[in-house]
Asker: 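Can you keep this structure in mind? I'll have questions shortly.
All figures in this text were calculated on a predicted structure; none of them were measured in a lab.
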Amino acid sequence: GLAACDAGADTASSSSFTTRDSAGITIVENLVAEPGGIARWQVDSTPAVTIGVETGDTTQEFSRIGSVIQLPNGMILVLNGQGESAFELRFFDSTRAHIATHGRRGEGPGDYRWINFVGAAGGDTVVAVDFPNRRLNRVSATAGYLRSISLDELAFKRFLGDDASGTSETLIPFDDSVYAIKAFRRVRTPDMMQETLSYHILDLRAGTASEVARHRESDSRRVELSRGAMYMAPLEAGTPVHVVDRARGRMCVGRTNVPELSCMDTTGARRIIRWRIDTVPFTSDDRRAREELLRTSA
C-alpha cells in the first residue's frame, strides 16, 4: 500500500491505477492487488556490509542500536545508546571503517539525553531531534556539532491548540522551520482515557499549521495489575498510522483497517491514495492471546 506514494504523474492512467482531481485533491486509486511497474524489494541473504563486534573494537561495540541510516555520500550512521537514552552518533564509511563518534549524554551543546529521530541533512551532516532537551541539532561527521535550534512546545500550541501535547517527541523536520508533527490530545477520567491523534505540517517561517488528518484511538481502560493500575488500549482494528517522506516533503496518515492514505506535502498540496483491500484473519483467540501477553509483560 505505501508503495502507492510513488504512483506516477498527476494525470496518469493505466491498467494498474488511475489518478484524478477532486476539488484540488489528487486522488490515486490502485485497481489491482499488485500494480505493474512498482519496484519490488529483495533482501540478499548475504549482508553487503556488517558493522559490530561482541568484543575487541570499542567503536563497533554497541549497547543499544536506535537506528541505522545511509547518508547520500555513502556513509553509514549508527545511533547508539541505552534504553530510552540514545545519545551517540557513530559514523562509518561504506567499508564499515569507523570515521567519527559525536555526542554524549548531557544537556550542554552537542550533548543529548534521547535522540528520538535522526535523518540525513546533506553531505556528511545529519539532523537529530533530542526530545528531552527540546532541541534540534545538526552534526557533521568531519566537523562534529554544528548548531542547535530550540523546540518551543508553547509556541507550537499557538498553532496546534492548547490541548496539543507530545509535539517535540514526535516531530520530524523537513528543514529548520518546517516540521511534520503528531499531536496527542487526551481526556482522562478515573476509569478511562480518551485519546485523539492529529497530524500536521507546521511551518514556523510562514506561521501556518495545516492539518493532514485526525483520528480517535480506541478508549484505553484502567486495568489493575500486580504492579499497580495502568491504562490499556483494547486490541481493535483501526489503529492510526503515519509515515513521513522527507525526500518528497510529504506526510501520509491512515488507519490499519481502511485502504486509504491522506497525504499532504510542505506546499499544502493534498493527495489521497487508495488500494485494493486484502483481508487478513484475526480471530478472537488471537485477540485474547495478545491481551494476555500485554498483561503479563506490563
Asker: Is the side chain of Ser140 donor-acceptor paired with the backbone N or O of Thr142 at a distance under 3.5 Å, no angle test?
Answerer: yes
Asker: With a 4.5 Å cut-off on side-chain heavy-atom distances among I, L, V, M, F, W and Y, is there a chain of contacts connecting Phe117 to Val212?
Answerer: yes
Asker: Look up atom CZ in Arg135 and atom CZ in Arg113, then write down how far apart they are to the nearest 0.5 Å.
Answerer: 9.5 Å
Asker: So, the side chain of Asn30 versus the backbone of Arg276: is there a donor-acceptor pair under 3.5 Å, distance only?
Answerer: no
Asker: When you check the gap from the basic side-chain N to the acidic O, do Arg104 and Asp111 get nearer than 4.0 Å?
Answerer: yes
Asker: For Ala120, is there any backbone N or O sitting under 3.5 Å from a side-chain donor or acceptor partner on Arg246?
Answerer: yes
Asker: Would Phe91 and Ile69 show up in the same hydrophobic cluster when neighbours are defined by side-chain heavy atoms closer than 4.5 Å?
Answerer: yes
Asker: Taking all heavy atoms of Asn116 and all of Ser168, pick out the closest pair and write down the distance.
Answerer: ND2-O, 3.6 Å
Asker: Walk me through it: do Val127 and Leu136 pass the test side-chain contact (heavy atoms from CB on, under 4.5 Å)?
Answerer: CA-CA 7 Å; Val127 58; Leu136 183 156; 3.2 Å; yes
Asker: Can you give me the closest heavy-atom contact between Ala183 and Ala164, atom names plus distance?
Answerer: CB-CB, 3.9 Å
Asker: Within the structure provided, determine whether Pro173 and Val129 are in side-chain contact (heavy-atom separation under 4.5 Å).
Answerer: yes
Asker: Does the Asn80 side chain pair with the main chain of Phe62, one donor and one acceptor, at a distance under 3.5 Å?
Answerer: no
Asker: Same cluster or not: Leu79 versus Trp114, using hydrophobic residues (I, L, V, M, F, W, Y) connected whenever any side-chain heavy atoms lie under 4.5 Å apart?
Answerer: no
Asker: Please report the C-alpha distance between Ile272 and Thr26 in whole Å, then the side-chain angles of each, then the deciding distance to 0.1 Å, and finally whether the side-chain contact (heavy atoms from CB on, under 4.5 Å) criterion is met.
Answerer: CA-CA 6 Å; Ile272 295 175; Thr26 301; over 6 Å; no
Asker: Any donor-acceptor pair under 3.5 Å linking the side-chain atoms of Thr59 with those of Arg90?
Answerer: no
Asker: Going from NE2 on His215 to OG on Ser198, what distance comes out if it is rounded to the nearest 0.5 angstrom?
Answerer: 10.5 Å
Asker: Do Ile181 and Tyr199 touch side chain to side chain, with heavy atoms closer than 4.5 Å?
Answerer: no
Asker: Is the shortest side-chain heavy-atom distance between Asp265 and Arg248 below 4.5 Å?
Answerer: no
Asker: How about Ile273 and Cys263: do any of their side-chain heavy atoms sit closer than 4.5 Å?
Answerer: yes
Asker: Measuring from Phe174:CZ to Leu202:CG, what's the distance to the nearest 0.5 Å?
Answerer: 11.0 Å
Asker: Report yes if some heavy atom in the side chain of Val49 is under 4.5 Å from a heavy atom in the side chain of Gln70; otherwise report no.
Answerer: no
Asker: Using a 4.5 Å cut-off on heavy atoms from C-beta on, say whether the side chain of Asp175 contacts that of Arg205.
Answerer: yes
Asker: How far does CD1 of Ile99 sit from CG of Asp93, to the nearest 0.5 angstrom?
Answerer: 5.0 Å
Asker: Looking only at heavy atoms, what is the nearest atom pair of Leu204 and Phe159, with distance?
Answerer: CD2-CE1, 3.8 Å
Asker: Does a side-chain heavy-atom distance below 4.5 Å link Cys252 with Arg250?
Answerer: yes
Asker: If you take all heavy atoms of Glu211 and Met264, which pair is closest and at what distance?
Answerer: O-CE, 3.7 Å
Asker: Answer with yes or no whether the hydrophobic clustering places Ile65 together with Ile51; edges join I, L, V, M, F, W, Y residues whose side-chain heavy atoms lie under 4.5 Å apart.
Answerer: yes
Asker: When clusters are formed by joining ILVMFWY residues with side-chain heavy atoms under 4.5 Å apart, either directly or through shared neighbours, do Met251 and Phe156 land in the same one?
Answerer: yes
Asker: Verify side-chain contact (heavy atoms from CB on, under 4.5 Å) between Phe131 and Leu171, making sure each step is shown before the conclusion.
Answerer: CA-CA 9 Å; Phe131 156 56; Leu171 177 149; over 6 Å; no
Asker: Say you draw a straight line from CG of Leu151 to OG1 of Thr167; how long is it, rounded to the nearest 0.5 Å?
Answerer: 8.0 Å
Asker: For the residue pair Asn73 and Met75, what are the closest heavy atoms and their distance?
Answerer: OD1-N, 3.0 Å
Asker: Under a 3.5 Å distance rule, please check whether Thr196 uses its side chain to pair with a backbone N or O of Arg185 as donor and acceptor.
Answerer: no
Asker: Taking the side chain as C-beta and beyond, is there a heavy-atom pair between Leu146 and His102 under 4.5 Å?
Answerer: no
Asker: Ignoring hydrogens, what is the shortest heavy-atom contact between His242 and Lys182? Give both atom names and the distance.
Answerer: CE1-CD, 4.0 Å
Asker: So how far is it from Leu197 CG to Arg255 CZ, rounded to the nearest 0.5 Å?
Answerer: 8.5 Å
